[in-house]
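Notes for the one structure printed next.
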Amino acid sequence: MAQLMDGAGKLSWVLLKSVMRFTFMFFNNCVAIPSYCLYLLLLQPLRIWDSSAFWHIEGVMFKWLLAMVSSWGWIAGYTVTEWGDDVRDISEEEAMVIVNHQSTGDVCTLMMCLQDKGTVVRKMMWLMDHVFKYTNFGLVSLIHGDFFIRQGKAHRDKQLVYLKEHLEKYYHNRDRKWIVLFPEGGFLRKRRETSQLFAKKNSLPHLTHVTLPRLGATHVILKTLSAQQENGSVGSDSGTRNQTVNKSKGLQWVIDVTIAYPKARPMDIQTWIFGYRPPTVTHVHYRMYPIKEVPIEAEALTDWLYQRFVEKEELLAHFYNTGSFPPPDGQKEAASRQMTLDPVWLCMVQSFAFASGYMWYNVLQYLYCCLF
């Protein structure tokens, strides 16, 4: 009986905490997202007069919004430990970031672990499934200039054309530096079986912890955003033109990011919202490749990309067996870094969001009374 009462008490606390967290996040969204939109609406004259200043301000507010999402996991004890290369050294250089995709929590994890990487968060562009367009954060991503890609063979060719046009129109114009995509094209649990059947049919590696990546978006990004490379590969004419206008060197790096969850149990967005899972450390491994080492021709790029995901498979297998990633070549142990967020800064960002929401509520209420 005592055990039953103890279990009921713990369950009640989890439910109460979940309700409190959901309530806070609901109001957090209600004040932060409309405030972001209204500030940018107010600043439209600046966009015409000095677009670079406008997008700088937008990027700062965008980073604050992502910091709010990060804080939801942070206060629940969901933290990140980083392994491999230190990407902070190239935070001001242009890079394409390829990430394995296990669940909706992958995006939240990236939002958190990139917060301390200089200007990366405010100058990054995301490639996401079109379904995210209809979430609470969809409007923000549309304004920021992220690209929503529709999956499926029926849409594939058109989507790649739209992606190329989107990059040419927005990437350099808004001073973007990093572009993030999930080459697998879907969650691991949904694509694993199909990927393994495809691999068996085409004598490709059998993968369990990742799936075979799709080439399309990666190929378009490299061709559109890369400058002339030492290996003879070239970007598109329009991409070179944009790079000249903006004094951009084009993509300089490909960053291979591997996300690993303890016991191979991915963290989803529901966990971040309700916080019902005990404090958890997510592990993120980085590996950097100079762009001159990355082929652009389709066949060679396919082989190169497949090899990266074979390496991800090996990294994840090692992590799930030992609890750590393998050390780099020539080293006995792999060094890890605890990613930290400043709680004072997070409180300041949240306070600004709620203060802005209160201000805009009063402004809109006053305008409504004046008009009606």
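A quick note: this is a predicted structure, and the numbers were derived from the prediction, not measured. Values reported hereafter were calculated over all heavy atoms of this structure, with side chains retained and with hydrogens, waters and symmetry mates removed.
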Lys/Arg N to Asp/Glu carboxylate O, Glu168 vs Lys164, below 4.0 Å: yes

Output yes when Glu58 and Arg176 qualify as a salt bridge under the 4.0 Å nitrogen-oxygen rule, no when they do not. yes

Using distance alone, with no hydrogens and no angle criterion, decide if [X] and [Y] have a side-chain donor and acceptor under 3.5 Å apart.
X	Y	result
Asp89	Ser91	no
Ser71	Gln350	yes
Thr109	Asp106	no
Asn173	Trp55	no
Gln102	Tyr261	no

Is a donor on one side and an acceptor on the other found under 3.5 Å between the side chain of [X] and the backbone of [Y]?
X	Y	value
Lys312	Val257	yes
Gln115	Leu341	no
Thr211	Ser195	no
His318	Ser324	yes
Gln252	Glu93	no
Arg174	Lys169	no
Ser351	Cys347	yes
Asn100	Ile259	yes
Lys117	Cys113	yes
Arg214	Pro183	no

Would you kindly confirm whether [X] and [Y] end up in one hydrophobic cluster when ILVMFWY residues are joined by side chain heavy atoms under 4.5 Å apart?
X	Y	value
Trp49	Leu40	yes
Phe26	Phe137	yes
Val120	Leu110	yes
Val349	Ile75	no
Met111	Val97	yes

Supply the atom-to-atom distance [X] [atom1] to [Y] [atom2], rounded to the nearest 0.5 angstrom.
X	Y	atom1	atom2	result
Leu316	Thr208	CG	OG1	10.5 Å
Leu346	Met68	CG	CE	10.0 Å
Trp272	Tyr78	CH2	OH	9.5 Å
Ile98	Arg287	CD1	CZ	10.5 Å
Glu297	Asp303	CD	CG	12.5 Å

What do the steps show when you test Trp83 against Val284 for side chain to side chain contact (heavy atoms under 4.5 Å, CB included), and what is the final call? CA-CA 6 Å; Trp83 304 74; Val284 179; over 6 Å; no

Would you say the side chain of [Y] lies within less than 4.5 Å of the side chain of [X], judging by non-hydrogen atoms?
X	Y	answer
Ile291	Leu222	yes
Asp256	Tyr286	no
Leu142	Lys133	yes
Ile273	Phe22	yes
Arg308	Val254	no
Ser226	Ile296	yes
Ile90	Met288	yes
Leu315	Pro326	yes

Greater than 12 external heavy atoms within 6.0 Å of [X]'s [atom1]:
X	atom1	answer
Glu193	CD	no
Arg337	CZ	yes
Tyr276	OH	yes
Phe24	CZ	yes
Gln44	CD	yes
Gln338	CD	yes
Tyr39	OH	yes
Lys17	NZ	yes

In short, Pro34 meets Asn29 closest at the heavy-atom pair CD-O, 3.3 Å

Which label fits His283 and Phe319: parallel for a plane angle under 30°, tilted from 30 to 60°, or perpendicular past 60°? tilted

Please confirm whether the ring centroid of [X] lies under 6.0 Å from the ring centroid of [Y].
X	Y	result
Phe352	Trp64	yes
Tyr289	Trp304	yes
Phe132	Trp126	no

Enumerate the ring-ring contact (aromatic ring centres under 6.0 Å, His included) contacts for residues 177-203, please, sequence neighbours excluded, ordered by first and then second residue. His101-Phe182, His101-Phe187

